[in-house]
Amino acid sequence: MELLRSIGISEPVLQFMLINAILGLSIYLTLFTGMFSLANAGFMAIGTYTGVILTQQFGLPLWGGLIGGMLLAGLIALPIGLPVLRLRDIYLAIATIGFGEIVRILILNFDPLVSSIVGQPIKMTYGALGISGIPQLTQTWHLVVFLIIISYCIARLHRSRFGRAMAAIRQDEQAAANMGINVVYVKNMVFILSAVLAAAAGVLKAHFARTIDPGDYGFSQAVDILAFAVLGGTTTFVGPIVGGFVLTAMPEILRDFKQYRGIINGVILLLVIVYLPGGLVNPAGWARLWQRLRGKSSFKPVEAETG
Amino acid sequence: MLELRQVSRLFGGLQALSQVDMTVPANKIVGLIGPNGAGKTTLINNISGLDHPTSGTIHMNGQPIQRAAPHQITRLGIARTYQNIRLFSEMTVLENLLISQHSQGKASALESLIFSGRYRREEQTLRENAAVLLKRFNLEHLAHLRAGTLPYGDQRRLEMARALAINPRLMLLDEPTAGMNPVETHELGTQILRLRDEGMTILVIEHDMSLIHQVCDEVYVLSFGQIIAHGTPEQIKNDTTVIEAYLGREDE
């Protein structure tokens, strides 16, 4: 902890790092299944507002808010996923961005909307002001334990039938279907799991950041989540964790550079994308980069067999 | 075993398949030949559920499958290979064989978390089945290589092994000898005959007439989406309509 603090990583920064690692894992699930979905920020918003309203306004403990938020995000993910997951690639990305915007605007206008339906004034999301004074319930160890449990689950998932089906769908959806995999089921399940995970991260984050407003869950949050996975790499689940850590810690480590830190941050991200296209956690990518730096081509001549 | 009745498939204005009637009897090897663009792959796609006929019925052991999803058709015991190899190229050879046994497993992802007894027994069985197939297709030494890095011939054999791992009753082979030399083609023919002797039913699309003669019990000829001939390989070889479809009419 002392060492971390000396390079600018205080406990709050560490908490954000852990949260962003969880968010990175939530998009990793969909990316690993070949779905380019940017809906995670939207589900994070749904989960967070549900969780916060449950703890703050109904006095539930943290785990109550956590389960409530995860549950509602999962329930909403199903009817969204069924039609939207028929789309692919950039079309799926655009549709899911649209979903995120709808969620953000609905939360923004939630109070007058519900008031007009039930016929009496209601204060739940507090519109653009957002909710403040959220009880401080999340401890750092909660986050560490949660991240470890999720990592274990994902590691095991990769060695199960379901996890192999996910990888197969990413590589060739039609062939996967011909192997007896119910593609629609697997894709929707993964979409729901991803939504639930994003919701959990949101609830946990709100209970130490202590304020939330709809602007926190817009397009830029969706892209940030994607950046964690892209920087870290999606060849293994360790990638998004490292990506979330690095991208969160970097602005703090670079604090001495003051106003230039945003530029340095961007340059590092660019360098990684250009020279390590598989992300930071990708041994093959590092090997290739090493070869390039030493001025060797990757072509290895094979010696002719004699005798 | 497999019955196609009046199967038609329209792509916009293009009649890819036109009232195709076809029967694949159990434990027989049926060939399907035809010039390029005749609709052979469309037919296989319609049987395996990647595409659905515009009209007509397809029955597998009496069950209608013309509207079924691919995974349901696979579960009824129909496996296929592809004209252009479609392995899961980023996975190892072994993983490719584990994937195709998907529908034989029952253990959920949750069971893998707690290493339940059923999960461990199942993984064990999957690996044993895969080992048998690796041996049979001579791929043992390649088990842990990525499928995409294998030489062409090995990829072809892996695709056969992967289809077989589904444990099907009917196999659809879409040009299994494409790109093979005569020796390899003959070897594959021997493999196909061995499958039949073990009780498998096979529908094979092929250009290579030597393979058709080597293995097929009967042959259908498809041209411009229509069945123009049906008979034993010997009958087909001497059929004038077939010769015309392939080579054109002889003008005086």
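Computed from heavy atoms alone, side chains included, the values below leave out hydrogens, waters and symmetry copies. Note that the structure is a prediction, hence the values are computed from the model and not measured. Proteins come first, then strands; the chains are lettered A, B, ... in the order of their sequence lines, and each starts at number 1.
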Rounded to the nearest 0.5 Å, how far does [atom2] of [Y] lie from [atom1] of [X]?
{"X": "A:R161", "Y": "B:E122", "atom1": "CZ", "atom2": "CD", "result": "6.0 Å"}
{"X": "B:E95", "Y": "A:R164", "atom1": "CD", "atom2": "CZ", "result": "7.5 Å"}
{"X": "A:R170", "Y": "B:F88", "atom1": "CZ", "atom2": "CZ", "result": "11.0 Å"}
{"X": "A:N178", "Y": "B:I44", "atom1": "CG", "atom2": "CD1", "result": "10.5 Å"}

Would you say [X] has more than 12 foreign heavy atoms packed within less than 6.0 Å of its [atom1]?
{"X": "B:F11", "atom1": "CZ", "answer": "yes"}
{"X": "B:R67", "atom1": "CZ", "answer": "yes"}
{"X": "A:Y275", "atom1": "OH", "answer": "no"}
{"X": "A:R159", "atom1": "CZ", "answer": "no"}

Per-residue contact mode, A:A176 against chain B (heavy atom under 4.5 angstrom)
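Both backbone and side chain.
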
Chain A contact via B:I99 - side chain, backbone, both or neither, heavy atoms under 4.5 Å:
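Backbone plus side chain of B:I99, per the 4.5 Å heavy-atom cut-off to chain A.
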
Could you name the residues of residues 69-83 of chain B that have a heavy atom within less than 4.5 Å of a heavy atom in chain A?
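Near chain A, by residue number: B:P70, B:H71, B:T74, B:R75, B:R80, B:Y82.
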
Among B:L98, B:L87, B:L50, B:I166, which has the most heavy-atom pairs under 4.5 Å with chain A?
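Most heavy-atom pairs under 4.5 Å with chain A: B:L50.
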
Go through B:S103, B:S100, B:G49 and name the one with the most non-hydrogen pairs under 4.5 angstrom from chain A.
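Most pairs with chain A among the choices: B:S100.
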
Based on non-hydrogen pairs under 4.5 Å, which of A:A155, A:S160, A:G163 is most in contact with chain B?
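Between A:A155, A:S160, A:G163, the count favours A:S160.
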
Is B:E90 close to A:Q171 at the side-chain level, that is, under 4.5 Å between some pair of heavy atoms?
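Sidechains of B:E90 and A:Q171: in contact.
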
Mind checking side chain to side chain donor-acceptor pair (under 3.5 Å) for B:N96 and listing every partner two or more places apart, or none if nothing turns up?
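Side chain to side chain donor-acceptor pair (under 3.5 Å) list for B:N96, sorted by chain: empty.
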
Between B:E123 and A:R156, does any side-chain N to carboxylate O distance fall below 4.0 Å?
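Not counted as a salt bridge, because no side-chain N and carboxylate O are separated by less than 4.0 Å.
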
